[in-house]
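A short write-up of the structure that comes next.
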Protein chains: 2
Amino acid sequence: MATKTAPTLADVEAARGRVTGHARITPVYGSETLSRRAQRKVWLKAENLQRTGSFKVRGAVNKLSQLGDDERAAGVIAASAGNHGQAVAWAARELGIKATVFMPQDAPMAKVEATRNYGAETVLAGVGFDDALAAATDRARETSATFVHAFEDEAVIAGQGTIGLELAEELRDVETFVLPVGGGGLASGIAIALRALRPGVRLVGVQAGKTGRGTIADGIMVKYPGELTMSILDDLLDDLVHVDDESISEAITLLLERAKLVVEGAGAASTAAVLDGAVGGSGDVCVLLSGGNIDPTMLISVMRHGLTLAGRYLVFRTRIADRPGSLVELLELIAAERGNVVSVEHHREGMAIDVVETEVSLTVITRDEPHCNHLIGALESRGYVVARFR
Amino acid sequence: MATKTAPTLADVEAARGRVTGHARITPVYGSETLSRRAQRKVWLKAENLQRTGSFKVRGAVNKLSQLGDDERAAGVIAASAGNHGQAVAWAARELGIKATVFMPQDAPMAKVEATRNYGAETVLAGVGFDDALAAATDRARETSATFVHAFEDEAVIAGQGTIGLELAEELRDVETFVLPVGGGGLASGIAIALRALRPGVRLVGVQAGKTGRGTIADGIMVKYPGELTMSILDDLLDDLVHVDDESISEAITLLLERAKLVVEGAGAASTAAVLDGAVGGSGDVCVLLSGGNIDPTMLISVMRHGLTLAGRYLVFRTRIADRPGSLVELLELIAAERGNVVSVEHHREGMAIDVVETEVSLTVITRDEPHCNHLIGALESRGYVVARFR
């Protein structure tokens with residue numbers, strides 16, 4: 001394979017010509033709540049509202065539109081159980097090219113179906129990403145189809161860089177841009193564009209999780225970062241910071257509740273870094289919401305966790321006398337303390353605790369952590385034994 | 001009070017001059033998944049991304065910017081525990097006017113805080129909306145502050161109508177526009193603009209719930225619809241349809257998962273009507289997502305319900321032998337059937353069912369309803385007794 005060289009601003013500008021009319025120009029919003037929390041003006045680039053739910057279509061369209069007639073006829077291949085696979089499938093359909101996407105056997109069913117719905121053939125191969133990747137590159141060699149790498153490719157990087165062109169036009173007064181870094185294609189492309197057009201801005205990359213451990217931000221959990229992308233980022237980023245899953249969960253919940261935007265883990269990492277105070281600088285800051293493809297069941301867990309941590313969701317178990325009126329008494333006490341009960345589970349049958357007691361699990365909407373403590377205190381002072389879940 | 005007359009297109013155009021620079025021009029998106037489900041092209045007008053999370057700021061800004069100096073000095077008053085209160089608070093702050101918002105004592109804490117954060121004084125008065133309304137109008141009389149009605153007001157209607165001007169420019173080929181109807185201010189304003197600019201389109205209003213009963217779409221549950229708004233809608237709407245909470249829950253879940261947008265019950269009602277096939281017509285259809293202010297705890301319930309109904313979330317209880325390895329056996333069986341376990345609750349202590357058995361509750365991600373049935377069948381054929389929760 002020939003040595004790859006970093007795309008230039010001209011490459012990114014040429015990419016815009018190819019991407020326009022396919023990818024959306026995504027909106028930018030100021031967020032009052034996030035600005036108040038971060039004590040600086042926070043802007044959101046809502047790339048989660050991009051087609052297929054992530055920025056990846058930009059790079060895929062730029063790559064696929066440069067294929068020659070023979071290459072187009074031979075089709076394209078990708079290995080991905082996530083956003084890249086969906087983006088290649090979608091871009092191929094837009095451009096009338098056949099796509100085959102390889103995924104590990106345990107790929108989430110929703111992702112397999114989404115990729116198929118965009119018109120790609122999907123192949124489930126092997127038990128992990130490495131197996132799927134090997135099967136994909138084997139197939140590409142056998143068939144002369146073009147293998148499309150998710151980030152280590154000049155055309156893909158230049159395509160993602162079109163976000164940088166939009167940002168340079170949309171946000172003239174922003175001092176710091178915060179970009180999630182997985183394979184590095186997104187951050188590289190944007191950094192190339194912004195460094196050229198706005199030399200004075202600060203560019204901060206964000207990584208999530210620890211090597212060898214899972215993270216909620218699976219979109220930026222990459223085993224083998226790109227050589228090309230990493231050399232670009234070494235040159236162009238001012239800083240590279242880390243965030244943990246707790247911060248990401250909180251950011252997802254905040255973006256959902258306040259900005260009305262659904263954002264996946266990797267998409268919330270930049271926001272989490274700003275809220276953590278990890279980003280530095282003091283002027284306006286823009287966070288890139290890179291995608292919104294979070295499984296709804298995962299989203300429910302994250303929201304429950306985020307709300308429970310914030311004390312806005314109190315989940316606890318207690319025991320009440322097994323006689324008429326005892327549940328009503330408990331509920332009246334909670335209501336008097338301004339707690340809003342959303343669910344009651346009554347574990348009546350089969351309990352051996354005590355023949356005259358029965359167990360209930362309650363979920364109560366509360367104002368904040370002090371309110372939770374106050375409510376628990378009120379229950380305990382009336383003799384209830386409260387076991388709280390976090 | 002003088003008889004009110006319906007605003008004209010000229011009033012709506014004048015409103016746009018006042019609203020521009022305060023309210024956002026919200027984006028319009030085509031949705032592939034919704035179009036496939038509805039078998040017609042579906043466009044989303046994402047007014048949930050409006051400032052304060054709902055369209056209401058348009059009417060509030062238009063109303064407040066027409067106050068004279070004395071009226072501005074005396075301040076404004078609203079009665080609302082929801083979007084209207086937040087919008088009046090926000091518009092008043094934008095225009096440098098003092099706002100007081102009356103809410104019933106049981107108003108959700110998150111809404112009280114949001115209204116306060118926009119700079120309004122909040123007054124908790126009485127046990128229901130009628131009490132808060134009475135207190136608000138009393139205060140307005142005593143203080144000569146201007147009472148801002150949520151919909152029965154020409155300036156408010158004209159302000160909401162600015163959405164119609166945007167739609168007329170953004171969606172030239174749409175045949176049918178579907179608008180939620182609560183008090184009727186939103187639908188009236190949009191209908192005035194669209195009837196004038198696109199006389200041939202079909203305009204369909206959507207109502208939710210039944211009189212005297214609660215609905216998830218509390219934003220369009222209005223006790224006393226406006227006389228003015230209803231006379232406008234009688235004139236201008238082609239049809240008025242109803243949706244139930246089941247359909248709205250499904251629409252909220254779909255918009256969240258596929259469009260990455262958080263939408264409240266009233267905001268999803270138009271989408272629900274289209275998915276239900278209640279809307280009629282056959283060309284492109286635009287649904288108005290009027291707001292995104294849904295309580296996150298409510299959203300969790302809706303999503304769980306929506307996913308469970310769709311068979312994508314299987315929650316069940318079963319019993320396993322109380323010996324090492326029995327839980328592993330169960331989990332392996334579920335994995336072999338391609339179920340993805342997201343939570344296991346082990347109710348070990350205090351169970352009296354049988355000394356050698358223990359109870360577990362599982363939540364499993366499944367593909368669809370047939371997959372659920374298949375999985376339950378596989379468990380039952382191995383002797384497990386499965387109690388499913390819906």
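Everything numeric here is computed off the predicted structure, so don't read it as measured data. Because only heavy atoms are used, hydrogens play no part in the values below, and waters and symmetry mates are left out as well, while side chains stay in. Every chain is numbered from 1 and lettered A, B, ... according to where its sequence line falls, protein lines coming before strand lines.
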Could you tell me which portion of [X] (side chain, backbone, both or neither) has an atom closer than 4.5 angstrom to a non-hydrogen atom of chain B?
{"X": "A:Ala259", "result": "backbone"}
{"X": "A:Ile365", "result": "both"}
{"X": "A:Thr366", "result": "backbone"}
{"X": "A:Arg51", "result": "neither"}

Query raised in the report: What residue in B:Asp295, B:Val262, B:Thr363 has the most heavy-atom pairs under 4.5 Å with chain A?
Result: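 Option with the greatest count: B:Val262.
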At a heavy-atom separation under 4.5 Å, does [X] approach chain A through its side chain, its backbone, both, or neither?
{"X": "B:Arg24", "result": "side chain"}
{"X": "B:Asn340", "result": "neither"}
{"X": "B:Asn293", "result": "both"}

Specify which of [options] makes the most heavy-atom pairs with chain B at under 4.5 Å.
{"options": "A:Gln105, A:His371, A:Arg312, A:Arg36", "answer": "A:Arg36"}
{"options": "A:Thr253, A:Ile294, A:Val263, A:Asn117", "answer": "A:Asn117"}
{"options": "A:Arg304, A:Arg258, A:Arg93", "answer": "A:Arg93"}

Requested in this report: Can you establish whether the number of heavy atoms outside B:Leu309 located under 6.0 Å from its atom CG is more than 12?
Outcome: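 Yes, because the 6.0 Å sphere around CG of B:Leu309 holds more than 12 heavy atoms from other groups.
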**Report entry** Neighbour count above 12 (heavy atom, 6.0 Å) for B:Leu331 CG
**Finding:**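 More than 12 heavy atoms, drawn from other residues, nucleotides or ligands, come within 6.0 Å of this atom.
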Query raised in the report: Taking atom NZ of B:Lys260 and atom CD of A:Gln50, what is their separation to the nearest 0.5 Å?
Result: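 Those atoms lie 12.5 Å apart.
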Requested in this report: Return the minimal non-hydrogen interatomic distance between B:Pro296 and A:Met303, and the atom names on each side.
Outcome: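 Taking every non-hydrogen atom into account, O-CE, 3.4 Å.
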**Report entry** Closest heavy-atom pair and its distance - B:Leu49, A:Leu261
**Finding:**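 Reported closest heavy-atom pair: CD2-CD2, 3.7 Å.
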Query raised in the report: With side chains defined as the heavy atoms from C-beta onward, is the minimum distance between A:Ile300 and B:Leu299 less than 4.5 Å?
Result: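 A:Ile300 does not reach B:Leu299 side chain to side chain.
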